[in-house]
Protein chains: 2
Amino acid sequence: MSGSRKTEENFYNAHFNNDGAYYKIPFSRFFQFGVSVDCVVFGYEDSKLKLLLIKRGAEPYKGDWALPGDLVYPNEDIEVAALRILKDLTGIENLFMEQTMVYGKVDRHPAGRVITNGYYSLIDIAQYNPTAAGWAQELFWVDLKSLQHLAFDHTQIVADALKILQEKVRRQPIGFELLPQKFALSDLQSLYEAFLSETFDKANFRKKILSMKILNELDEVQNNVSHRPGRLYSFNASRYQQLSSKGFSFEL
Amino acid sequence: MSGSRKTEENFYNAHFNNDGAYYKIPFSRFFQFGVSVDCVVFGYEDSKLKLLLIKRGAEPYKGDWALPGDLVYPNEDIEVAALRILKDLTGIENLFMEQTMVYGKVDRHPAGRVITNGYYSLIDIAQYNPTAAGWAQELFWVDLKSLQHLAFDHTQIVADALKILQEKVRRQPIGFELLPQKFALSDLQSLYEAFLSETFDKANFRKKILSMKILNELDEVQNNVSHRPGRLYSFNASRYQQLSSKGFSFEL
DNA sequence: CTATCTTTTAGTAAATTTTACTATATGGTG
DNA sequence: CACCATATAGTAAAATTTACTAAAAGATAG
């Protein structure tokens, strides 16, 4: 922000061209940007990390796969827009979303100068039930491993989001967002292994997680497994907050 | 991004109001945003972390302290703008800058709808020599500990940047950007202590850093110190890259 | 030139954490 | 009931961290 150094006639000294010289530019010429949001929604199913995509039912890139995303209204906060847009296109709401990065290349949108804000979200696929809405033609949960090329610069946006989350998921207990409330430790381990493309020793993973004391041990076990069922746990968010404020830090 | 679902007459179905209903909105009405960049430039001097501020010589907030920042041109990439704006206001160039966050509240700028991109940079104060230029009236290196309230939402932008960097500085060897090429280990330690508001055991800090093998030991020692001078080192960036690609990760 | 001050640098032993692995427990399945 | 698969418990070696001791070296004051 800042800028807006208006002269009395609403002009602005700027060197629009690359000749180094300054020109008087009408203030209004700076206000030509469109702003959009693109949502990178990760889910987890069958031990695989998945990404929520839509098939675009509108130009440009009509018919292509893309992230759910759209233009922000001029009178709308960006975070509000992120939630509104995701709801408009997929129906899902009440989820936690956070910024990743901004993409501001001049030519990244064929219809004009649009800068976009990447947002990510982690959800339990079973708990939400996205369905194509608004101008979204179809909706897919795509395995992240077999991701095709996406519209606009969305492939890059996904790659960046994934990288950011791979870091984040190690230091903050946000992986739980992807699991049902009640889960077995082996589920948690598989989740981390899918997210980080890395394997862990089962016994040691268990020891590490349990030693953090941020899980509630439940009086339930897995069912529908063809072997000894594992005990179920739930994430104790308030306990985590409490420990966190005392200097504890989650570290995968 | 995405959006831009034009109808044949260049209209867009949107619910601008909160009544849930859709209205046909001219496409152009979405392109009213201004975009700006605000630069959070950290420096380090006298064992203190400092921040580069300007006194604004233009409305709004004329006369207030603020981050160097200005509007992005409609035909300019945002990263390019970040470098251009910092150069225009402070004269410094050839530095590495990276995004922090975007600030997109509707009312954050009195002159209209402006969303701003936070960028941070870490520089060696002795190596650059910023001077107020363009519409910047004056320029200050302010001790981060005694930061006053800044124009716009810049106080928040600085707080966020600091938090992001406190994390980053632990996991990436970017702290060196704040030091001269040649530095003693005690300098490095003081730097980290200032950045993280935490103290380290001298001998153990030394062991840890040296064990990483990412420093060149030089044939020079400190001078102008009234005690046994410490050996000087320089950061070996290529060595770090090499180790990094083999799985090594810097961890404070 | 020397005693003293300060900080650098080397080193080490205890404490803690990580890692690798063994063994046992438990439910499902045929 | 035998067998299979995974859960769970436990442990010893290895590696790392932490806390601390002591020697080394230049600056400074007398």
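Chain letters run A, B, ... following the sequence lines, proteins first and then strands; every chain starts at 1.
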*Asks:* Between D/dT17 atom C1' and B/Glu198 atom CD, what is the distance in whole Å?
*Replies:*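 That distance rounds to 14 Å.
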*Asks:* Please list, chain by chain and in numerical order, all residues satisfying salt bridge (charged side-chain N to carboxylate O under 4.0 Å, His left out) with A/Arg239, sequence neighbours excluded.
*Replies:*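 By the salt bridge (charged side-chain N to carboxylate O under 4.0 Å, His left out) rule, A/Arg239 matches no residue at all.
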*Asks:* Starting from P on D/dA7, measure out to CZ on A/Phe205 and report it in whole angstrom.
*Replies:*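 In whole Å, D/dA7 P and A/Phe205 CZ are 12 Å from each other.
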*Asks:* Does the ring center of A/Phe183 lie less than 6.0 Å from the ring center of A/Phe235?
*Replies:*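 That pair fails the under 6.0 Å test.
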*Asks:* Rounded to the Å, how far apart are A/Glu217 CD and D/dA7 P?
*Replies:*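 So the two atoms are 15 Å apart, to the nearest Å.
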*Asks:* Quick one: what's the B/S/- string for nucleotides 5-12 of chain C, heavy-atom cutoff under 4.0 Å, read 5' to 3'?
*Replies:* -BBBBBBB
*Asks:* Side chains of B/Thr131 and B/Asn129: is there a donor and an acceptor less than 3.5 Å apart?
*Replies:*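 No pair is found: no donor N or O on one side chain lies under 3.5 Å from an acceptor on the other.
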*Asks:* How close do B/Leu49 and B/Tyr44 get, heavy atom to heavy atom, and via which atoms?
*Replies:*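 Nearest pair, atom of B/Leu49 first, then B/Tyr44: N-CD1, 4.2 Å.
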*Asks:* From CG of A/Leu188 over to C1' of D/dA7, roughly how many Å is that when rounded to an integer?
*Replies:*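 Rounding to the nearest Å, CG of A/Leu188 and C1' of D/dA7 are 15 Å apart.
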*Asks:* Between P on C/dG28 and CG on A/Asn224, what's the gap in Å once rounded to a whole number?
*Replies:*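 About 10 Å, once rounded to whole Å.
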*Asks:* Find the distance A/Ile209:CD1 to D/dA7:C1' and express it as a whole number of Å.
*Replies:*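 To the nearest whole Å, that distance equals 16 Å.
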*Asks:* Over 60° means perpendicular and under 30° means parallel, so tell me whether A/Phe195 and A/Phe42 are parallel, tilted or perpendicular.
*Replies:*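 Rings of A/Phe195 and A/Phe42: tilted, 30 to 60°.
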*Asks:* Would you say the side chains of B/Tyr103 and B/Asp38 form a donor-acceptor pair under 3.5 Å?
*Replies:*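 No pair is found: no donor N or O on one side chain lies under 3.5 Å from an acceptor on the other.
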